[in-house]
Each structure stands twice: as structure tokens, then as C-alpha cells.
Amino acid sequence: MADHFFTAEPTSADVRRTVTARIWGREYTFTTSSGVFSRDRLDLGTSILLHEAPVPTTGGTYLDLGTGYGPIACALAVEDPQAQVWAVDVNTRALELTAENAKAAGVAGRVHASLVEDVPEDVRFDQIWSNPAIHIGKPELHKMLLHWLARLAPDGVGWFVVGKNLGADSLQRWLGEQGYPCERIASAKGFRVLRVTATNEDPAPS
């Protein structure tokens with residue numbers, strides 16, 4: 001069976017290549033490989049998220065949820081020199097690539113490529129950035145989002161991009177029902193960019 005990008009331990013040959021991307025006015029060259037998300041280019045949804053959401057410069061602690069080979073994490077760390085960025089994925093090959101790309105971008109000391117269980121429990125996030133893995137299925141997606149949104153700082157915000165035809169509008173409604181105010185800030189090329197804010201209330205059970 002072929003690997004999915006959310007396969008924990010890809011069995012496909014580790015065939016590496018480089019891709020270039022322009023993010024927030026800077027040119028990047030990333031190393032990618034088979035068995036990771038969007039290995040041939042910067043994914044369109046990710047590109048739209050980075051174009052529509054504001055560049056962070058507050059020196060906070062950020063989470064790149066489902067980092068892939070790390071383009072969001074690297075860009076966050078480069079743009080915000082005081083930031084600490086946790087780049088989380090289930091795919092160990094993706095995490096290896098993220099660490100390599102962070103080193104190439106000069107931000108290895110502030111990008112923490114980590115499995116879910118390796119993120120310290122006391123870390124709280126000022127911002128969460130994600131092009132979430134919708135294809136893991138709605139129950140697992142909801143479980144994942146509730147887990148990480150509960151770790152937003154009191155004034156924290158999440159930025160998500162989701163395809164309209166993959167349930168972006170229903171996800172927006174569901175997030176609001178869980179006690180996380182969610183607004184659509186942009187629509188482009190079949191994608192919605194959502195802004196989610198932290199809540200001081202206990203979220204509804206999933």
C-alpha cells in the first residue's frame with residue numbers, strides 16, 4: 001500500500017528533491033521527499049493561508065500543526081526573530097525534513113520539529129497555523145483540533161486553511177459550536193481561510 005502523507009513511518013524510498021517558494025517576500029529553497037505532503041511544490045492552500053493571514057512579529061510561541069517539510073514553521077521563525085515555533089507532524093520523515101529546512105533557513109534553534117507526544121504539556125501557543133489533514137476523517141480531525149486549540153494562550157488565535165469542497169464551512173460552524181469563535185477572513189481558489197480565537201470557557205465535548 002502506498003504511503004499517505006500522514007503515515008507515521010513512510011516505507012517509500014526517500015527520494016529527495018528541492019522546491020522553491022516565495023513567502024512573505026522572501027525566497028526559500030526547501031528539501032522535500034516522497035511520502036510527505038505536497039513534495040513537488042508549496043501547496044496551493046498553504047500558499048493562500050500565508051498570503052491572507054497577517055505576518056506575525058510579536059515574538060510569541062507558535063504551532064505549525066501538520067508541518068510537512070516545514071515551510072510555514074521556517075517562515076514564521078524567519079519573520080519573527082524572537083519566536084519559538086513548534087512544528088508538529090505524525091510523519092517522521094516530514095519532521096526530519098523540517099529540521100533540515102530550518103537549519104538551511106538559519107532558524108534551527110527556534111524551530112522544534114516534534115511528534116505530538118514530544119511537545120511539553122505546559123507549552124501554550126500564541127498562534128496556531130495549519131493546513132489541516134482533512135483526509136484523516138472528521139472524528140480524528142475534530143479530536144486533533146480540540147486538543148491543540150485547548151492549548152491556545154488566553155489571547156491566542158488560530159489560522160487555518162480548508163478547501164470549500166472539503167467542508168470548510170461546516171468546520172467553521174462546528175468550531176463555533178465548540179466555543180471557539182471562528183470567522184472566515186478570505187476565500188480564494190476554492191479555499192477558505194479561517195481565524196479562530198481562544199475561549200476561556202470549557203469547549204463542548206467532541
Side-chain angles (χ1 to χ4, degrees), residues 3-12 14 16 19 21 23 28-39 42-43 45-46 49-50 53 56 58-137 140-154 156-161 180 196 198 206:
D3 292 330
H4 296 287
F5 61 84
F6 45 84
T7 299
E9 299 283 350
T11 57
S12 57
D14 188 356
R16 300 198 173 193
V19 298
I23 302 174
Y28 290 87
T29 298
F30 297 111
T31 300
T32 74
S33 180
S34 50
V36 300
F37 177 64
S38 194
R39 65 174 180 173
L42 183 66
D43 171 73
T46 300
L49 173 64
L50 292 166
T58 56
T61 300
Y62 307 138
L63 170 66
D64 175 12
L65 178 57
T67 190
Y69 55 85
I72 293 177
C74 290
L76 290 172
V78 168
E79 293 299 324
D80 193 343
Q82 303 303 314
Q84 295 291 324
V85 184
W86 289 86
V88 171
D89 210 294
V90 299
N91 185 320
T92 55
R93 184 177 296 170
L95 294 177
E96 291 173 5
L97 291 166
T98 296
E100 182 175 329
N101 288 322
K103 182 177 180 179
V107 292
R110 294 185 292 108
V111 172
H112 312 286
S114 305
L115 295 168
V116 171
E117 58 268 26
D118 293 335
V119 181
E121 288 292 332
D122 61 348
V123 174
R124 294 295 177 266
F125 302 103
D126 298 292
Q127 296 191 18
I128 295 174
W129 290 69
S130 186
N131 181 353
I134 300 296
H135 296 292
I136 62 176
E140 285 300 312
L141 174 68
H142 287 178
K143 180 181 176 181
M144 177 182 72
L145 292 178
L146 289 177
H147 173 82
W148 293 109
L149 286 169
R151 296 180 65 171
L152 275 173
V157 61
W159 304 100
F160 298 90
V161 64
Y180 291 99
V196 185
S206 56

[X] side, atom [atom1]; [Y] side, atom [atom2] - distance, nearest 0.5 Å:
X: D80; Y: T58; atom1: CG; atom2: OG1; value: 5.5 Å
X: S130; Y: L63; atom1: OG; atom2: CG; value: 7.5 Å
X: C74; Y: E79; atom1: SG; atom2: CD; value: 12.0 Å
X: R151; Y: T61; atom1: CZ; atom2: OG1; value: 11.0 Å
X: L145; Y: F160; atom1: CG; atom2: CZ; value: 5.5 Å
X: N91; Y: Y69; atom1: CG; atom2: OH; value: 13.0 Å

Taking all atoms of both residues into account, what is the closest heavy-atom pair of [X] and [Y], and its distance?
X: L115; Y: T92; answer: CD2-CG2, 4.3 Å
X: A153; Y: D126; answer: CB-OD1, 4.0 Å
X: P120; Y: W86; answer: CD-CH2, 3.4 Å
X: L152; Y: G158; answer: CD1-N, 4.4 Å
X: I23; Y: A75; answer: CG2-CB, 3.6 Å
X: A73; Y: V111; answer: O-CG2, 3.9 Å

With side-chain contact (heavy atoms from CB on, under 4.5 Å) as the test, would you mind laying out the steps for L65 and M144 before giving the verdict?
CA-CA 9 Å; L65 178 57; M144 177 182 72; 4.3 Å; yes

Check: [X] side chain, [Y] main-chain N or O, donor-acceptor pair, under 3.5 Å:
X: T31; Y: N101; result: no
X: R93; Y: S34; result: yes
X: D89; Y: L95; result: no
X: R16; Y: L97; result: no

Checking L146 against Y180 for the side-chain contact (heavy atoms from CB on, under 4.5 Å) test, could you report, in this order, the C-alpha distance in whole Å, the side-chain angles of both residues, the deciding distance, and whether it holds?
CA-CA 9 Å; L146 289 177; Y180 291 99; 4.0 Å; yes

For residues [X] and [Y], determine if any side-chain heavy atom of one lies less than 4.5 Å from a side-chain heavy atom of the other.
X: L50; Y: W129; result: yes
X: Y28; Y: V78; result: yes
X: L141; Y: I134; result: yes
X: I72; Y: W159; result: no

Apply side-chain contact (heavy atoms from CB on, under 4.5 Å) to residues V107 and V85 and explain how you reach the verdict.
CA-CA 10 Å; V107 292; V85 184; over 6 Å; no

Tell me whether E117 at atom CD has more than 12 heavy atoms from other residues, nucleotides or ligands lying less than 6.0 Å away.
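Result for CD/E117: enclosed.
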
